[in-house]
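Scroll down for the structure; my scribbles are underneath it.
Every chain is numbered from 1 and lettered A, B, ... according to where its sequence line falls, protein lines coming before strand lines. Values in this document were obtained by computation on a predicted structure and should not be read as measured data.
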There are 4 protein chains.
Amino acid sequence: MARPKSEQKYDAIMQATLDLVIELGFHGLSMAKIAKRAGVATATIYVYFDNTEAILNQLYMDLKQLVAKDITQGYKPYMSAEEGFKIIWRNQFNSLVKYSKEYWFLDQFANSPYITNISREEGLRQFRPVLDFFKQSQENGEIKQMPIEILFPMFYAPLSSIARSVNAGHFEADSEAIDLAMGSSWASFKP
Amino acid sequence: MARPKSEQKYDAIMQATLDLVIELGFHGLSMAKIAKRAGVATATIYVYFDNTEAILNQLYMDLKQLVAKDITQGYKPYMSAEEGFKIIWRNQFNSLVKYSKEYWFLDQFANSPYITNISREEGLRQFRPVLDFFKQSQENGEIKQMPIEILFPMFYAPLSSIARSVNAGHFEADSEAIDLAMGSSWASFKP
Amino acid sequence: MARPKSEQKYDAIMQATLDLVIELGFHGLSMAKIAKRAGVATATIYVYFDNTEAILNQLYMDLKQLVAKDITQGYKPYMSAEEGFKIIWRNQFNSLVKYSKEYWFLDQFANSPYITNISREEGLRQFRPVLDFFKQSQENGEIKQMPIEILFPMFYAPLSSIARSVNAGHFEADSEAIDLAMGSSWASFKP
Amino acid sequence: MARPKSEQKYDAIMQATLDLVIELGFHGLSMAKIAKRAGVATATIYVYFDNTEAILNQLYMDLKQLVAKDITQGYKPYMSAEEGFKIIWRNQFNSLVKYSKEYWFLDQFANSPYITNISREEGLRQFRPVLDFFKQSQENGEIKQMPIEILFPMFYAPLSSIARSVNAGHFEADSEAIDLAMGSSWASFKP
DNA sequence: GATGAATGAGCCTTCATTCAT
DNA sequence: TATGAATGAAGGCTCATTCAT
């Protein structure tokens, strides 16, 4: 498990797992299907992972790293909190749309009994840069004082929810709608 | 002329299913486990439901009806939008805390492949009174104009997310914190 | 079981069973399906029959009586053996075609482990008039001497086999073909 | 590179299936029983076959090949049709007696809903040498002209029926009886 | 007599995992 | 390392039959 011999096989297993969970849900997953889709033998999977749970947790951490990358891209410390907020909001929204399937997996998995505490903590770590931005802005008095347990849901939950609606095709988010949502969200934080 | 179906057994099956999904997740569910927990024979479940999916969908609709009840309780038409918003917000928050497990189930199920369109639509119907409040207030110009697909996530998602944090014991929501969150949320809607 | 109260229900159960066996084979049969098809409750079937085996045996005997009726119709004692043979052969052939499904059932059932010795003997009894004809004709020296265990297969098996081929649509038996088969068969018996 | 499939297990499954069908009929068959009788785990059967139907069809084809072998053994092209007929008739009769159980299975299966068209065609192919003999003899004018759909039942059905009677112990076929039956059968074909 | 609910036993099939190669 | 065969356990579901009404 430590250092996989073939990176290609490791990747194939991860990709197959993600695809299958998206297609069939967690319930429809099985080692046999993963193996078939990945083009390896079932027993081979056990060379790379201890069991199903391990595959899913690894996938969770890999994806978390993938999607959380560059969320603060474009933000510069000299910017105003509002500017920064909007850049990060938009980045996050774009990420949610671009990686809709990955986010769906992350969300489902985070609420499943499979997830280990290690994965959960590792996952949270990815949000650190965003949290840093908010903490900094609060210290500057540019956004309202509120505990992180309120601030973060306030920022992330509607974003995620709207993006899901867009991804499901229930709603078309043109630039006007996005500006509206973003502005509306910013109003929650403006001091 | 034969034995009538037993309401008690129906309830036991529903309760057992809810408990088990909460304990083990959807993946850990099985007819045998439901039966054992409900104190009936496996085959008996099939007298009441066609299959696992049917049980879950029925549970979804039953719970949706249970938790969505009285969310607008205390709201009067002559109230200002802000007053109404705060009453409904608080009702919803209390409901989310009181029925935390039920909401967790509803949330997970709504994002699972088990849910049928019928259940989904039936579920949405329960939110009608809340939507009506918002629509009315928009017409009065008391809250900002925005499409329902933005408005609703903006209202519901942070609420749900904070309540989950509270229920998980990660955060203690004293009345001050609640006021803060509620006020912060209201800022998003204030014209 | 002795004297059924409702002849109508008895008939419905018999008919449903026959239809289902023909549609699904013995393997696909079940009390629940019979009940549904017959329009009665499952438990009701047990008022009329002890179990599945009893239904099938009764059906076997009923059908045996139905199809074997009038096989010797038209035969008169003063006729020559050849005349008699041809009348009976044709009757049997027509019967096999007319009651193709019933014969299929009888054949399958007679070779299944369901059949009891009582049913088997009762079934054989229906062939008595035909056997009598052959015995009589042998005594008259109009057909070859041979034991019944040869004579009967020689007469019945090809007939049945050809009819099955016709019923399956593999072969169209015009009057010429029938005369050919019948004549060919008669050659086996001619002294 | 893994363990190869075991011919021994394949054979054990086939043999167990044949034995069980003979003992209990198709209805009494089950994967669990086959597995137990064959001395393998239930799941192991699925390594070799897709499902019950596949087992039965394979068994059908295997047995068809076994029993149809050497039916024309001893026949030489220079022989008269009558000589050939009698050799083949006797071979077939001996085969029917020797492989009585196998023939019983083949017969039952061919009339069951399990059989696939592929199996049916494969089964017919085994009779080709016998059919060729008849066709050849008809062309030579040594046996009566009649369509194959009559000729074949005429030849095979009584043979099979008599053999069954012998196998069931209802009839002892001494050489005199056999000559009688064979001669009687030949009379049907003699021009 | 007639019914439909109730159930233990059984069905076929798939599962995660280990074993032999 | 990589593999596919092997399997005990578990899955969903149906069965014949009995029970309560």
**Prompt:** Minimum heavy-atom separation for A/Leu29 to A/Thr52, with atom names?
**Reply:**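 In terms of heavy atoms, the two residues are closest at CD2-CG2, 4.4 Å.
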
Whole-Å gap separating [atom2] ([N]) and [atom1] ([X]):
X       : N      : atom1 : atom2 : answer
C/Ile55 : F/dA16 : CD1   : C1'   : 11 Å
C/Phe26 : F/dC15 : CZ    : P     : 17 Å
C/Phe49 : F/dA16 : CZ    : C1'   : 16 Å
C/Tyr10 : E/dG1  : OH    : P     : 17 Å
A/Leu56 : E/dA16 : CG    : P     : 11 Å
B/Arg3  : F/dA20 : CZ    : C1'   : 5 Å

**Prompt:** Which dot-bracket string fits DNA chain E when only Watson-Crick or G-U wobble pairs with both atom distances under 3.5 Å count, crossing pairs get [ ], and | stands for a partner on a different strand?
**Reply:** .||||||||||||||||||||

Mark yes or no for whether [X], through its side chain, and [Y], through its backbone, hold a donor-acceptor pair below 3.5 Å.
X        : Y        : value
D/Ser119 : D/Ile115 : no
A/Thr44  : A/Val40  : no
A/Asn57  : A/Glu53  : yes
C/Asp50  : C/Tyr46  : no
B/Tyr48  : B/Ser6   : yes

**Request:** Classify the angle between the aromatic ring planes of A/Tyr114 and B/His27 as parallel (below 30°), tilted (30 to 60°) or perpendicular (above 60°).
**Result:**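 A/Tyr114 vs B/His27 ring planes: tilted.
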
**Request:** Classify the side-chain pair D/Tyr99/D/Asn167 by whether it contains a donor and acceptor separated by less than 3.5 Å.
**Result:**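 Judged by distance alone, the side chains do not pair up.
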
**Prompt:** Of all the choices, E/dT3, E/dA2, F/dA6, which nucleotide is nearest to the side chain of B/Ala2 once you look at every atom?
**Reply:**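 Looking only at side-chain atoms, B/Ala2 lies closest to E/dT3.
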
**Request:** Ignoring backbone atoms, establish whether D/Tyr48 has a side-chain N or O less than 4.0 Å from OP1 or OP2 of F/dA5.
**Result:**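 No, because none of the side-chain N or O atoms of D/Tyr48 sits under 4.0 Å from OP1 or OP2 of F/dA5.
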
**Request:** Mind checking side chain to side chain contact (heavy atoms under 4.5 Å, CB included) for C/Lys33 and listing every partner two or more places apart, or none if nothing turns up?
**Result:**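 Only C/Leu20, C/Leu24, C/Ser30 meet the side chain to side chain contact (heavy atoms under 4.5 Å, CB included) criterion with C/Lys33.
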
**Request:** Heavy atoms under 4.0 Å is the rule here; annotate nucleotides 7-14 of chain E 5' to 3' with B where the base is hit, S where only the sugar-phosphate is, and - elsewhere.
**Result:** BB--SSBB

